[in-house]
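Below is one structure; the comments refer to it alone.
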Amino acid sequence: MANVVVIGAQWGDEGKGKITDLLSRSADVVVRYQGGVNAGHTIVVDEKVLKLHLIPSGILYPDTICLIGSGTVIDPKVMLSELEMLHENDIDISGLQLASTAHVTMPYHRLLDQAMEQQRGEKLIGTTGRGIGPTYSDKAQRNGIRVIDLLEEKRLRERIKGPLDEKNHLLQKVYQLPPLDPEDVVKEYLEYGEKLSSHVVDCSRTIHKAARAKKNILFEGAQGTLLDLDHGTYPYVTSSNPVSGGACIGAGVGPTLIDRVIGVAKAYTTRVGEGPFPTELQGSLNDQLCDRGGEFGTTTGRRRRCGWFDGVIGKYAVEVNGLDCLAITKLDVLDELDEIKICVAYDLKGKRVESFPSSSEDFSSCTPIFETLPGWQCSTENCRKLEDLPSKAMDYLRFLADLMEVPIAIVSLGASRDQTIVVEDPIHGPKRALLSA
């Protein structure tokens, strides 16, 4: 039995959905612990593409309990749409459970998110405009609406009056937008509450019951380490904590319950939205990686910025998450390249830096210091075990393992479930991975 946290080791979009889906086959419970509909997972099953924003990937396994934890923020309209999509695809949703204490994204959160981003002008954060930041802001100000509030009309009316009065004032006086009608909002969200009520539970109690029964629990984060509110490239970050420690807070468990942490990283690096990106590529090479990797955001459809693998942020992710092992995704995207670069350090104003700068201004001034490895220039898409990989692809993976100082447990070579080399199952395998330098 093992309880495992899966985190993104870069800026998100690393392919966590596929890895979580892969590990979910060995899990009894899958818990989404933070984020909202600003994140997305794309999963390919039997040539069918499924896009999920809130519901854990484990929902594709009928015997798995899928929990949306207290640390998430819920847009009930999007959640119900996802449930309908899964139902239409004949996927059993009876195992889905939603924390009663998760906060709810309200319509004024979305409006304010978009208005504030527009007002920033050239100093954009790169928000998705889905209302996530304002929802977490209300949560921190003890002014939020929780799932449990949607289940009782009197409580919802009492809870919503103050926040809605305040937000209508902002919408009208600051952003020159029309106010929301309180009756319309109450009616809409009570209907959402009624439709979701059968899924609402005490999340922490459910997890601890599973733990006492020696069940395998998989904790699934959204976004990535460098988007963490406290440990990312602030202010170009999300509003929650995607790092592994966030699993304890968002799910309501102690750190002693966690056995392993697996980080997911692409064989190169991508970033969506604004913010510094030292290894970013331009021109035809950027376009090649973007096109071969299908680098368009699941949530926004925005084209992702592509760059070489950044070992500095990789080592930082190992440290702040306490990574036991890595899953390297999209290795096949590099198949056609004659040479591949890896950032091993930065040049910051003439000084070699091997650690992640805490200042965004310093990070913006960093120039990557690269080492170059030869490419393998042949397809890896059909490789199913390490012995199938070209020797130069193996050299590349060993280089990454050595640079990051953590072994590689999984190598992904395409979007489908079967396009994967599992060196070690992080849930059922021994606490070690076999592919290292």
Side-chain angles (χ1 to χ4, degrees), residues 4-20 22-23 33-35 39-41 57 218-233 236-238 240-247 258 260-272 275-280 293 295 304-331 333-334 342-344 346 354-357 363 368 396-412 420 423-424 426 433 435-437:
V4 177
V5 181
V6 179
I7 62 93
Q10 295 161 323
W11 274 286
D13 306 312
E14 300 96 346
K16 295 184 299 299
K18 176 183 174 179
I19 302 304
T20 305
L22 183 73
L23 297 179
Y33 62 83
Q34 52 76 224
H41 288 335
S57 310
L218 184 66
F219 297 88
E220 170 189 8
Q223 288 98 23
T225 299
L226 275 296
L227 291 179
D228 187 273
L229 179 61
D230 294 298
H231 304 289
T233 51
Y236 303 100
V237 293
T238 193
S240 58
N241 295 106
V243 295
S244 60
I258 307 300
R260 302 193 71 179
V261 182
I262 179 169
V264 184
K266 281 178 184 166
Y268 49 104
T269 309
T270 62
R271 178 166 198 172
V272 69
F277 185 1
T279 67
E280 183 172 10
E295 298 298 352
R304 295 175 187 140
R305 301 153 64 189
C306 297
W308 296 117
F309 189 92
D310 190 327
V312 179
I313 67 171
K315 289 186 288 186
Y316 177 71
V318 171
E319 293 172 351
V320 297
N321 292 291
L323 296 186
D324 290 291
C325 57
L326 283 168
I328 298 295
T329 64
K330 295 195 174 185
L331 183 68
V333 175
L334 305 181
I342 304 102
C343 173
V344 296
Y346 300 142
E354 296 186 3
S355 58
F356 175 67
F363 193 47
Y396 182 70
L397 292 172
R398 290 193 182 96
F399 188 96
L400 296 186
D402 184 38
L403 180 64
M404 303 269 279
E405 298 181 336
V406 66
I408 296 170
I410 297 170
V411 181
S412 175
T420 313
V423 184
E424 176 215 331
L435 179 54
S436 55

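All values below were derived from every heavy atom in this structure, side-chain atoms included, with hydrogens, water molecules and symmetry-related copies excluded.
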Under 3.5 Å side-chain donor-acceptor pair for K18 and T329
no
Is there a side-chain contact between [X] and [Y], using heavy atoms and a 4.5 Å cut-off?
| X | Y | result |
| --- | --- | --- |
| I313 | T233 | no |
| F363 | V312 | no |
| L226 | R271 | no |
| F277 | T269 | yes |
| T279 | Y268 | no |
| I7 | L323 | yes |

Can you name the nearest heavy-atom pair linking [X] to [Y], along with the distance?
| X | Y | result |
| --- | --- | --- |
| Q223 | G35 | OE1-CA, 4.1 Å |
| G232 | V237 | C-CG1, 3.7 Å |
| I262 | I410 | CD1-CD1, 4.2 Å |
| Y236 | L227 | O-CD2, 3.5 Å |
| L23 | V6 | CD1-CG2, 3.8 Å |
| S240 | Q34 | OG-NE2, 2.8 Å |

Taking side chain to side chain donor-acceptor pair (under 3.5 Å) as the test, write out the residues that go with [X], two or more places apart.
| X | answer |
| --- | --- |
| N241 | D228, D230 |
| E405 | none |
| K266 | T270, E295 |
| S244 | none |

Main-chain N/O of A267 paired to Y396 side chain as donor or acceptor, under 3.5 Å
yes
Heavy-atom donor-acceptor pair, E280 side chain to P278 backbone, under 3.5 Å:
no
The side-chain contact (heavy atoms from CB on, under 4.5 Å) partners of A265 (sequence neighbours excluded) come to A9, Q10, F309, I328
Sorted by first residue and then second, give each side-chain hydrogen bond (donor to acceptor under 3.5 Å, both in side chains) pair with at least one member in residues 306-319; sequence neighbours left out.
D310-Y346
Residue of the set V423, I408, D402 for which side-chain contact (heavy atoms from CB on, under 4.5 Å) holds with L397:
I408
